[in-house]
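Heads up, the thing below is written out as structure tokens.
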Amino acid sequence: MGIYLNPGNNGYQEAIRSKIYVDKTKLIACINERLNTKEKYICVSRPRRFGKSMALEMLAAYYSRGCDSKKLFASYQIAQDQTFLEHLNQYDVIVLNIQQFLIEADTGHMTEYLEQEVLRELQKAYGESMYRERMGLAAVLREIFTETGRQFIFLIDEWDCIMRERQESEAIQKQYLDFLRNLLKDQGFVALAYMTGILPVKKYGQHSALNMFWEYSMTGQDVFEEYTGFTQDEVRALCNQYDMDFAETGSWYDGYTFPKFQHVYNPKSVVEAMHRRRYSNYWTSTETYEALKIYMDMDFNGLRPDILQMLGGGRVKVNTRSFQNDMRNLKTKDDVLTLLIHLGYLGYDADTQETFIPNREIMEEFENAMSVGGWHRIVHLLRASEKLLADTLAGDAQSVAKELDQAHTQVASILTYNNENSLACAIGIAYYSARKDYKLIRELPAGKGFADIAFLPLPHTDKPALLIELKYNKSVCTAIQQIKNRQYTQAFEGYTGRILLVGVNYEKDERNKPHRCVIEKIERIERIEKIEKDEYC
């Protein structure tokens, strides 16, 4: 058993001995299908805290020659797969943590150091006869393959750390990518190459140096969707086991969505919450908000309005194709948004090509980043949101109208004032504090149309649901009547609590005509009770 060559199964043993272990061993079956095929080059990129290193430890335990891992996997899903025994501990595995080599090597000599370390272990395992002076790693592996017929599986962790930590050095990046290409591409000794990192494969010039890799990233995980994070069923089982509220867990850590698995949770944060029996922002335990602030403050046209839209509960279109898969060559707002998707700060819907803030945990990261940046007016709105929610629940329509008027004016300093989208964004931000007790849904399919904004209370609260309808140059009564005529309350089918109907109207000339608001309450028996009605109806 070596450090890099066939490191054994100790890492995976630690994982399954942990208090919380979620069975992701079916990933092995997906990888087995790709051994010695044209799809044997796999690059899976995910944010930090999404279990990339644990997956590599599992693969190393399964494939590594020289150790017996049958009992380790016997009680897990992969043991039922027909390929389980065929590939179990049948390969020489080379595990490379690029972060480690980058830290230990002299600047600019990382690949030389890597070759030296791995060659030393190969010489121990295969003897000096396989090595001639000045032979590089690829040449030695070809020699071993020719003499013994043995193939290698490469498991590469933090493959992209050079792109992240040596952003200014294109020369070092190119040298590293050329090294990987020479080591892996079109080499008969490669049975599989599986790389993980935060970023997809780096591009330079017109082509990628590693164009043989099949990429699976946060903009498209495809067959690896269910192994990207925790699924809904897995989180529900953990919540039952640890007596935690499933809906609140989702509001904190859900929101990463893919075509097949619409609900993917941040696994590290879910585990923390279950261990501690407390919901909190565990993102900051591994990364500070300054990393997000750098990108939020980039001066690209349209970036600030897009962030504001998402902060208000909306989604924005994003073109992910222009991104160069590094953290330096950012030329448009779409590049920044795509990078934030890969870093896990934004979710992405591949069907609609839209991005959004996925959950409450990430929302707090945006709030932290704005608190020390040039977002003072918006931060003021966020901090005033507790009063707005209290006034709404109390039925104080006059105060609500005044507070929404102020919020709309502040948001309009970044967005266009005279459109309902701007007001919807302002309302989403103005009710920011409600996110701890509510799920905000914009354009909710309901009855005979779409409700502009809905706040659905989480099960642990005793608060009423909110349906908000927005009007421009009309009347608040028109807004309330539309909710009733189009039966928007049908969206809450099965919900037995109270519902507040909130109508909001604004005028073209915001300086002379303030916003109007009216609030009505629907009791459980569907009886309409007017809380407050002003003279504008």
Side-chain angles (χ1 to χ4, degrees), residues 1-8 34-38 40-43 56 59-60 63-67 89-163 166 169-197 201-202 204 207-213:
M1 187 172 69
I3 299 173
Y4 314 109
L5 177 64
N6 296 327
R34 289 158 176 76
L35 287 167
N36 284 309
T37 70
K38 293 296 185 183
K40 66 183 178 181
Y41 299 101
I42 302 168
C43 180
L56 259 72
L59 295 176
Y63 289 116
S64 286
R65 193 190 305 275
C67 62
N89 302 134
Q90 295 299 306
Y91 293 87
D92 280 329
V93 175
I94 294 178
V95 178
L96 305 174
N97 186 325
I98 304 302
Q99 180 81 60
Q100 172 193 333
F101 291 115
L102 189 62
I103 293 172
E104 295 179 357
D106 293 334
T107 302
H109 297 87
M110 191 274 290
T111 55
E112 291 89 338
Y113 176 67
L114 184 158
E115 285 196 290
Q116 170 188 316
E117 290 291 290
V118 178
L119 282 171
R120 187 172 69 247
E121 288 201 4
L122 287 171
Q123 290 173 38
K124 291 179 181 179
Y126 288 96
E128 294 290 337
S129 61
M130 297 295 181
Y131 176 77
R132 295 190 301 275
E133 189 176 358
R134 295 186 178 180
M135 284 182 68
L137 179 57
V140 170
L141 292 172
R142 281 195 299 269
E143 188 80 9
I144 293 172
F145 176 60
T146 301
E147 293 296 323
T148 68
R150 286 189 175 184
Q151 288 184 299
F152 291 80
I153 287 178
F154 292 83
L155 303 177
I156 304 175
D157 200 7
E158 299 281 1
W159 89 269
D160 60 328
C161 66
I162 291 181
M163 285 68 196
R166 297 292 186 270
S169 180
E170 289 282 344
I172 292 177
Q173 292 180 25
K174 187 176 185 302
Q175 177 197 35
Y176 167 63
L177 292 171
D178 286 340
F179 166 77
L180 289 180
R181 177 173 57 184
N182 180 62
L183 177 64
L184 302 173
K185 188 172 184 179
D186 299 326
Q187 300 283 14
F189 57 75
V190 177
L192 175 80
Y194 182 96
M195 301 196 310
T196 69
V201 173
K202 160 73 175 172
Y204 66 81
H207 304 285
S208 167
L210 303 177
N211 58 7
M212 69 283 199
F213 273 90

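Start at 1 with the first residue, then count along the sequence. This is a predicted model, so every value here is computed, not measured.
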- Query: Between Tyr63 and Tyr194, does the ring centre distance come in under 6.0 Å?
  - Reply: no
- Task: Mind checking the CD-CG spacing from Gln151 to Leu192? Nearest 0.5 Å is all I need.
- Result: 10.0 Å
- Item | Smallest separation among heavy atoms of Arg65 and Gln90, with atom names | NH2-O, 3.1 Å
- Main-chain N/O of Trp159 paired with Tyr176 side-chain donor or acceptor, under 3.5 Å: yes
- Between Ile98 and Met110, which heavy-atom pair has the shortest distance, and what is it? CG2-CE, 3.9 Å
- Task: Report yes if some heavy atom in the side chain of Asp160 is under 4.5 Å from a heavy atom in the side chain of Met195; otherwise report no.
- Result: no
- Query: Side-chain contact, heavy-atom cut-off 4.5 Å: Ile162 with Leu177?
  - Reply: no
- Does some side-chain heavy atom of Asn6 sit less than 4.5 Å from a side-chain heavy atom of Cys67? no
- Minimal non-hydrogen separation, Tyr91 against Ile153, with atom names: CG-CD1, 3.7 Å
- Message: Can you tell me how far apart CD (Gln123) and CG (Leu5) are? Round to the nearest 0.5 Å.
- Response: 12.0 Å
- Counting N and O atoms only, with roles assigned by atom type, does the side chain of Asn89 sit under 3.5 Å from a partner on the main chain of Ser64, one being a donor and the other an acceptor? yes
- Query: Step by step, would you call Leu180 with Ile156 a side chain to side chain contact (heavy atoms under 4.5 Å, CB included)?
  - Reply: CA-CA 10 Å; Leu180 289 180; Ile156 304 175; 4.3 Å; yes
- Task: Compare all side-chain heavy atoms of Val118 with those of Val140 and state whether any distance is below 4.5 angstrom.
- Result: no
- Item | Positive for side chain to side chain contact (heavy atoms under 4.5 Å, CB included) with Val190, one of Phe154, Phe152, Phe145 | Phe154
- Query: Can you name the nearest heavy-atom pair linking Arg181 to Leu210, along with the distance?
  - Reply: N-CD2, 3.6 Å
- Apply side chain to side chain contact (heavy atoms under 4.5 Å, CB included) to Gln175 and list each qualifying residue two or more places apart in sequence or on a separate chain. Thr111, Glu112
- What one should report as the nearest heavy-atom pair of Tyr41 and Met212 is CB-O, 3.4 Å
- Message: If I take atom CG from residue Leu155 and atom CG from residue Asn97, how far apart are they, to the nearest 0.5 angstrom?
- Response: 11.5 Å
- Applying side chain to side chain contact (heavy atoms under 4.5 Å, CB included), name anything that partners Arg142, two or more places apart in sequence or on another chain. Ala138, Ala139, Gln187, Phe189
- Query: Could you state the interatomic distance from CG (Leu183) to CG (Leu96), rounded to the nearest 0.5 Å?
  - Reply: 7.5 Å
- Message: Could you walk me through whether Arg150 and Tyr126 satisfy the side chain to side chain contact (heavy atoms under 4.5 Å, CB included) test, starting with their C-alpha distance in whole Å, then the side-chain angles of each, then the deciding distance to 0.1 Å, before giving a yes or no?
- Response: CA-CA 11 Å; Arg150 286 189 175 184; Tyr126 288 96; 3.3 Å; yes
- Query: Where the side chain of Glu121 meets the backbone of Tyr4, is there a donor-acceptor pair that is under 3.5 Å apart?
  - Reply: yes
- Message: Restricting to non-hydrogen atoms, name the atom on Ile144 and the atom on Thr148 that form the minimum distance, rounded to 0.1 Å.
- Response: O-OG1, 2.6 Å
- Query: Hey, are the side chains of Phe179 and Glu115 touching, using non-hydrogen atoms and a 4.5 Å cut-off?
  - Reply: yes
- Task: Could you check Glu158 against Leu56 for side chain to side chain contact (heavy atoms under 4.5 Å, CB included), going step by step and ending with a plain yes or no?
- Result: CA-CA 11 Å; Glu158 299 281 1; Leu56 259 72; over 6 Å; no
- Task: Report the C-alpha distance between Glu117 and Ile3 in whole Å, list the side-chain angles of each, state the deciding distance to 0.1 Å, and finish with yes or no for side chain to side chain contact (heavy atoms under 4.5 Å, CB included).
- Result: CA-CA 9 Å; Glu117 290 291 290; Ile3 299 173; 5.8 Å; no
